[in-house]
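Step one of this worksheet: look at the structure below.
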Amino acid sequence: MSSFSGQIDTFFAEFFGLNPLAATAAGMHGHDHEWPDLTEAGRIARLAFAERWAGALALIPAGELDRDETVDRTLLLLVLEEMRFEDTEVRQLAWDPLEWVYVLGSGIFPLLAREFAPLGQRLASIAGRLEGLPAVVEAARTSLVGTPDGRAVSRLHGETALSQLPGIRELIADALAEAETAAPDDPAVAAILERVRSAARAATEAVGAAEAFLRDEVLPRSAGEGRLGPELFAAKLRRTLRDDELTPARILARAMREADAVRAEMIRLARGLWPAWCPSQARPADDGELVRAVLDAIAAEHPTPTDLLDFCREELLRIEEFCRVQDLVGLSQEPLEIRWTPVFLRAFGGALLDSPGPLDRGQKSFFAITPIPDGWTPEQAESYLREDNARMLRVLTIHEAVPGHYLQGAYANRCPSLVRAVFWSGVYAEGWAVYVTQVMMDAGYGADDPALMLTHWKFYLRAVLNAIIDVRIHAGESFGGPLTEDEAVRLMVDGGFQEEAEARNKYNRARLSSTQLSTYFVGSMALWELERDVRRRTAAASGDPAAASTVVEREIPGGFGATPGFNQRRHLEAAMAHGTLAPALLRGLVLDDLAGA
């Protein structure tokens, strides 16, 4: 055993002690009753941890490490630098009230939603966290004063946090309701029922105090808008992508070229679809109007609000059958539940996939869809349903479930590296879901429905535009000025054929987050480049001198066709075999495996 392997258990014991929510997410449940220390003392402790371990890992001789240990050490050093950067430069907890809502929600929801232990045991942990929740609220009161370098508390983040806090009260009520329902028949639950009741009362009062604090104290003095600015955004982007070569300027230039190419393909498809979808209309001379008209006709076919979940459940069955028949990729038997998004996670709208931790073997993944808000007008609701229409939901189910996030997460949890499982790469995860959706289209999924392909390219164009608005909002001073709301909405509606309600939600999401919206496009781009190079090497090894010339890149992703010696299933499973690893680190492993095959 190398000295690196010998230190991993010690590292994670310390890390999970400092980060109990990360421990819960990973499936290490020894800290399920605890919260992280989010006071100034906790920040100092995290910085000391990062500095000490970075020094210790750097001292391990490279010659002692095998290939996988080398990658894991590199990843750990990157993560420790990310920790330092967050606690010294970004300081999210000092200016972002919404981050505190996520902390509270992620402390309660997984203990309630996943049955990794008997209910009595999980309720005891929930009671511990509810008892500690007032201290977290007090830490927020002390912290939400802006950063030492002058970044003010963001008003947008504060308003959004205030709208999401009722979701925390709902989680507390759900925990208490489960305890009261189970107590008559479960002695372990009955034994802690009074503790849960008392903790729930105190936690509910603390949430009320947090609402009053945000409404009466934070919002009146908030002045920030949440934008990072060019320097901080570029620094955060390097750490999000775990790749020093991908600068905001390079990503923006590539995304703008890609957007033009995708729009050209959509124009081509819309011309062919016009007679079937708009037979009674005069064909417009403007290509953008033509695409919009065809998409508008397609969008009219959508489920009712109450049928959204069942539609996706039925579509998932069709997708899995297609993958079996085509032998496209091995499926998983891990449980998947399609459900509504918990209230505290609805700020970003849309859909999400919440996977169990790598140590929570056999637990559910949640494919969550955000319902239409109760207060929306009929016009807003219809716009929402038209954006996520029947064909868009088919694409979305591939993206979130199979062979997208859910299946990739199941494969990732088979990877023996705890380092990669805990410190997973968002750019790989989001990029994979975008990339593999195009793989499905190339394999012939929905080939009998040309309107699905047009909808797919609209979905992909959304990922491309995500990167553009992410860069232009947070680092816009370097590119002619930050996008205004009207400019961003016009880009998405006119340039991306999105519905206005979706575009305005995305503009807010871009301001509420930073760098995350770039991960879809950047990750997909990297995975397509990896497949291209695997195809070229496979073709060169096939013995056919002309084989390599068959791997021709289009201006839009995918569409390689047949390549001598290349097997799509083998490649997909090879690309998922190393955990959710940043593409910059994954690439060498996949190509090394190919060379050794």
Side-chain angles (χ1 to χ4, degrees), residues 254-278 284 286-302 315 319 322 350-351 386-400 403-404 430-469 491-499 502-503 506 517-518 520-525 527-529 531-532 552-561:
R254 175 71 180 268
M256 291 176 70
R257 290 195 304 272
E258 193 103 337
D260 288 342
V262 172
R263 278 192 288 264
E265 176 66 7
M266 292 179 71
I267 291 167
R268 185 188 70 80
L269 290 170
R271 287 172 177 164
L273 289 167
W274 180 268
W277 285 92
C278 305
D286 181 80
D287 287 333
E289 292 180 14
L290 182 146
V291 174
R292 167 65 71 182
V294 175
L295 286 171
D296 281 348
I298 293 169
E301 295 185 359
H302 61 70
E315 181 62 18
I319 291 168
F322 177 85
R386 289 176 64 84
E387 181 64 30
D388 285 340
N389 57 69
R391 287 169 178 80
M392 188 63 79
L393 288 173
R394 296 183 69 187
V395 174
L396 190 65
T397 305
I398 295 171
H399 180 101
E400 298 292 349
E430 298 297 359
W432 172 268
V434 175
Y435 155 77
V436 83
T437 303
Q438 177 62 42
V439 171
M440 285 283 287
M441 299 298 142
D442 286 348
Y445 189 72
D448 58 340
D449 182 7
L452 180 64
M453 183 61 80
L454 181 64
T455 304
H456 157 66
W457 284 121
K458 176 186 172 180
F459 187 79
Y460 179 71
L461 183 56
R462 184 191 298 180
V464 178
L465 295 180
N466 282 350
I468 293 173
I469 64 173
L491 173 64
M492 289 181 275
V493 172
D494 296 342
F497 311 106
Q498 296 178 29
E499 296 288 331
E502 165 69 16
K506 185 59 64 66
L517 281 177
S518 292
Y520 301 85
F521 171 62
V522 172
S524 172
M525 178 177 66
L527 288 167
W528 276 116
E529 289 171 351
E531 179 173 323
R532 174 201 65 198
V552 178
E553 285 188 275
R554 305 186 297 175
E555 290 186 342
I556 54 177
F560 286 118

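Residue numbers count from 1 along this sequence. Since we're looking at a predicted model, the values are computed, not measured. Side chains included, hydrogens not; waters and symmetry mates left out as well; all remaining heavy atoms used.
A salt bridge links Glu387 and Lys458; the closest N-O separation between the charged side-chain nitrogens and carboxylate oxygens is under 4.0 Å. Under the 4.0 Å criterion applied to side-chain N and carboxylate O atoms, Arg271 and Asp287 are assigned as salt-bridge partners. Using a cutoff of 4.0 Å between basic side-chain nitrogens and carboxylate oxygens, Asp260 and Arg257 are not scored as salt-bridged. With salt bridges taken as basic N to acidic carboxylate O contacts below 4.0 Å, one links Glu265 and Arg268.
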Check the pair Arg292, Asp494 against salt bridge (charged side-chain N to carboxylate O under 4.0 Å, His left out), reporting the backbone distance first and the verdict last.
-> CA-CA 9 Å; Arg292 167 65 71 182; Asp494 296 342; 5.6 Å; no

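By the 4.5 Å heavy-atom criterion applied to side chains, Tyr445 and Ile398 are counted as neighbours. Looking only at side-chain heavy atoms (C-beta outward), Leu290 and Trp274 come within less than 4.5 Å of each other. Side-chain contact check for Glu315 versus Leu393: every heavy-atom pair is 4.5 Å or farther apart. Looking at His399 and Glu430, their side chains come closer than 4.5 Å, going by heavy atoms from C-beta outward.
Put simply, the residue from Trp432, Tyr435, Phe521 that forms a ring pair (Phe, Tyr, Trp, His ring centres under 6.0 Å) with Trp528 is Tyr435.
In this structure, Ser524 contributes its side chain and Tyr520 its backbone to no donor-acceptor pair below 3.5 Å. Side-chain atoms of Arg462 never come within 3.5 Å of backbone atoms of Gly496 as a donor-acceptor pair (strictly under, hydrogens ignored).
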